[in-house]
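Reviewing the structure listed below.
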Amino acid sequence: MEIPLYLVNEHFDDRYFDVVNALDEAQQVFFKNNYLIERITSAIASNVPLRIGETGFGAGRSVVSLMEYIKKSGLSNISIEYYTVELYPLTPERMQLILSGFKDRVGEEIDVLVEAYKSIDTNIPGWHTMNIRQSFGTIRLSLWIGEALEMVEALELPCDVWFLDGHGPKKNPSMWRPELLMAVGKKTRAGGSCATFTVAGEVRRALMEAGFTINRLPGCNGKKMVLQGIKIN
Ligand SMILES: C[S@@+](CC[C@H](N)C(=O)[O-])C[C@H]1O[C@@H](n2cnc3c(N)ncnc32)[C@H](O)[C@@H]1O
């Protein structure tokens, strides 16, 4: 199948995500493998926000998929703080175009995200915060415009979970460099977790160095196994 050019990140010659299965892929690899529903349930019970970190905001597919996933869970009073980063921000128009393949399934969620994204000025580096209020609760989306390591270092508190989604390590080694993964480890609370689609040996070893115990869990979309890391302490 010919891939439309707008789906390819020209800086890395790689697609933002799998064209057909991206929503389900995020739900398996990032949400289920990070025990997200259990973590959200316990955050609601403790009346604290769940803190999610992501390396690689791209077109915001993970955020759209997250809205769908937690809506379906039937949980309410959810408070999520979502910290993400983008070095090459898309225009809202391109974001909408990239996500348009999913509009029959999550059209409302795409509109909500694109509207929020239009309210920020991505020419200004650093944090930009968007409050996304939905029937299930609130996602406070904080997007750092700039380099991933700067974003991780700028976090004041550690995250409960991380979605590591920075293109494949061959296409974009900078998102998998040991220095960055070490910083992610430092900004993960004990018992927290990270998940990624890549099973590359150098990523697995760098995550272990960063304090994660690594497990192989089910993947999606032809990828049988993917990586999950649990932060020991
Ligand atoms: C695979 S895409 C992310 C897909 C995204 N999570 C989604 O669901 O739409 C990876 C993103 O990371 C960005 N990126 C790559 N290297 C980066 C870096 N060093 N710092 C910050 N962002 C980076 C890319 O521009 C790209 O948008």
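Order of appearance sets the numbers: ligands from 1, and atoms from 1 within every ligand.
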### Message
Return the closest protein heavy atom for atom 2 (S) of ligand 1 as residue, atom name and distance.
### Response
D165 O, 3.6 Å
#### Entry: For Y88, atoms of ligand 1 separated by under 4.0 Å from a heavy atom
25 (O)
### Task
Give a yes-or-no answer on whether the side chains of Y88 and E86 include a donor-acceptor pair shorter than 3.5 Å.
no
### Task
Report the part of N9 in contact with ligand 1, treating N, CA, C, O as backbone and CB onward as side chain, heavy atoms under 4.0 Å; options are side chain, backbone, both, neither.
side chain
### Query
Looking at F57, which atoms of ligand 1 are within less than 4.0 Å of one of its heavy atoms?
5 (C), 6 (N), 7 (C), 9 (O)
### Summary
ligand 1 atoms nearer than 4.0 angstrom to some heavy atom of Y16 are 1 (C), 2 (S), 4 (C), 27 (O)
### Message
What protein heavy atom lies closest to atom 27 (O) of ligand 1? Include the residue and the distance to one decimal.
### Response
E86 OE1, 2.6 Å
### Query
So is there a nitrogen or oxygen of R15 less than 3.5 Å from a nitrogen or oxygen in ligand 1?
no
### Flag side-chain contact, heavy atom, 4.5 Å: N215 against L227
no
## Note on the structure
Residue, atom and distance of the protein heavy atom nearest atom 22 (N) of ligand 1 read L87 N, 3.2 Å
### Task
Starting from the C-alpha separation in whole Å, work towards a yes-or-no answer on salt bridge (charged side-chain N to carboxylate O under 4.0 Å, His left out) for E68 and K71.
CA-CA 5 Å; E68 183 200 38; K71 253 183 210 172; over 6 Å; no
### Task
Assign the ring pair W176 / F197 to parallel, tilted or perpendicular, where the plane angle (0 to 90°) is split at 30° and 60°.
perpendicular
### Task
Could you check whether the rings of H167 and F12 sit parallel, tilted or perpendicular, using 30° and 60° as the cut-offs?
tilted
### Task
Only one of R51, K231, R189 passes salt bridge (Lys or Arg N to Asp or Glu O under 4.0 Å) with D160; say which it is.
R189
### Message
Quick check against the 3.5 Å criterion: does R94 have a side-chain atom that pairs as donor or acceptor with the backbone of T91?
### Response
no
### Task
Any atoms of ligand 1 less than 4.0 Å from a non-hydrogen atom of G166? List them with their elements.
10 (C)
### Query
Can you list the atoms of ligand 1 that are under 4.0 Å from a heavy atom of A59?
9 (O)
#### Entry: Residue pair I78, I139: steps toward the side-chain contact (heavy atoms from CB on, under 4.5 Å) verdict
CA-CA 8 Å; I78 293 174; I139 299 177; over 6 Å; no
### Query
If only atom types and distance count, is the side chain of S46 paired as donor or acceptor with the main-chain N or O of S42 below 3.5 Å?
yes
### Task
Specify the protein heavy atom at minimum distance from atom 12 (O) of ligand 1: its residue, its atom name, and the distance to 0.1 Å.
G56 CA, 3.3 Å
### Query
Counting each atom of ligand 1 from 1 as listed, which ones have a heavy atom of F17 under 4.0 Å away?
9 (O)
### Task
Using a strict cut-off of less than 4.0 Å between a Lys/Arg side-chain nitrogen and an Asp/Glu carboxylate oxygen, indicate whether E25 and R61 qualify as a salt bridge.
yes
### Query
Is the closest heavy atom of E147 to ligand 1 under 4.0 Å?
yes
### Query
Are any of the heavy atoms in E54 under 4.0 Å away from ligand 1?
yes
### Backbone N/O of I70 and side chain of S73: donor-acceptor pair under 3.5 Å
yes
### Task
Return a yes/no value for H167: is any of its N or O atoms, backbone included, closer than 3.5 angstrom to an N or O of ligand 1?
no
### Query
Hey, is M175 touching ligand 1 through its side chain, its backbone, both or neither, going by heavy atoms under 4.0 Å?
side chain
### Query
Strictly under 6.0 Å, is that where the ring centroids of F30 and W162 end up?
no
### Query
Do the rings of F163 and F31 sit parallel, tilted or perpendicular, given the 30° and 60° boundaries?
tilted
#### Entry: Contact atoms of ligand 1, heavy-atom distance to R61 under 4.0 Å
7 (C), 8 (O), 9 (O)
### Query
Contact between F12 and ligand 1, counting heavy atoms under 4.0 Å?
yes
### Message
Heavy-atom distances under 4.0 Å decide this one: backbone, side chain, both or neither, for N172 against ligand 1?
### Response
side chain
### Message
Just to check, does G146 reach to within less than 4.0 Å of ligand 1 when the distance is taken from its heavy atoms?
### Response
yes
## Note on the structure
Contact region, S174 to ligand 1, non-hydrogen atoms below 4.0 Å, reads side chain
### Task
Check whether more than 12 heavy atoms from other residues, nucleotides or ligands sit under 6.0 Å from atom CG of D121, and answer yes or no.
yes
### Task
Please could you name the atoms of ligand 1 that G58 approaches to less than 4.0 Å, counting only its heavy atoms?
27 (O)
### Query
Polar-atom distance check: A148 versus ligand 1, any N or O pair below 3.5 Å?
yes
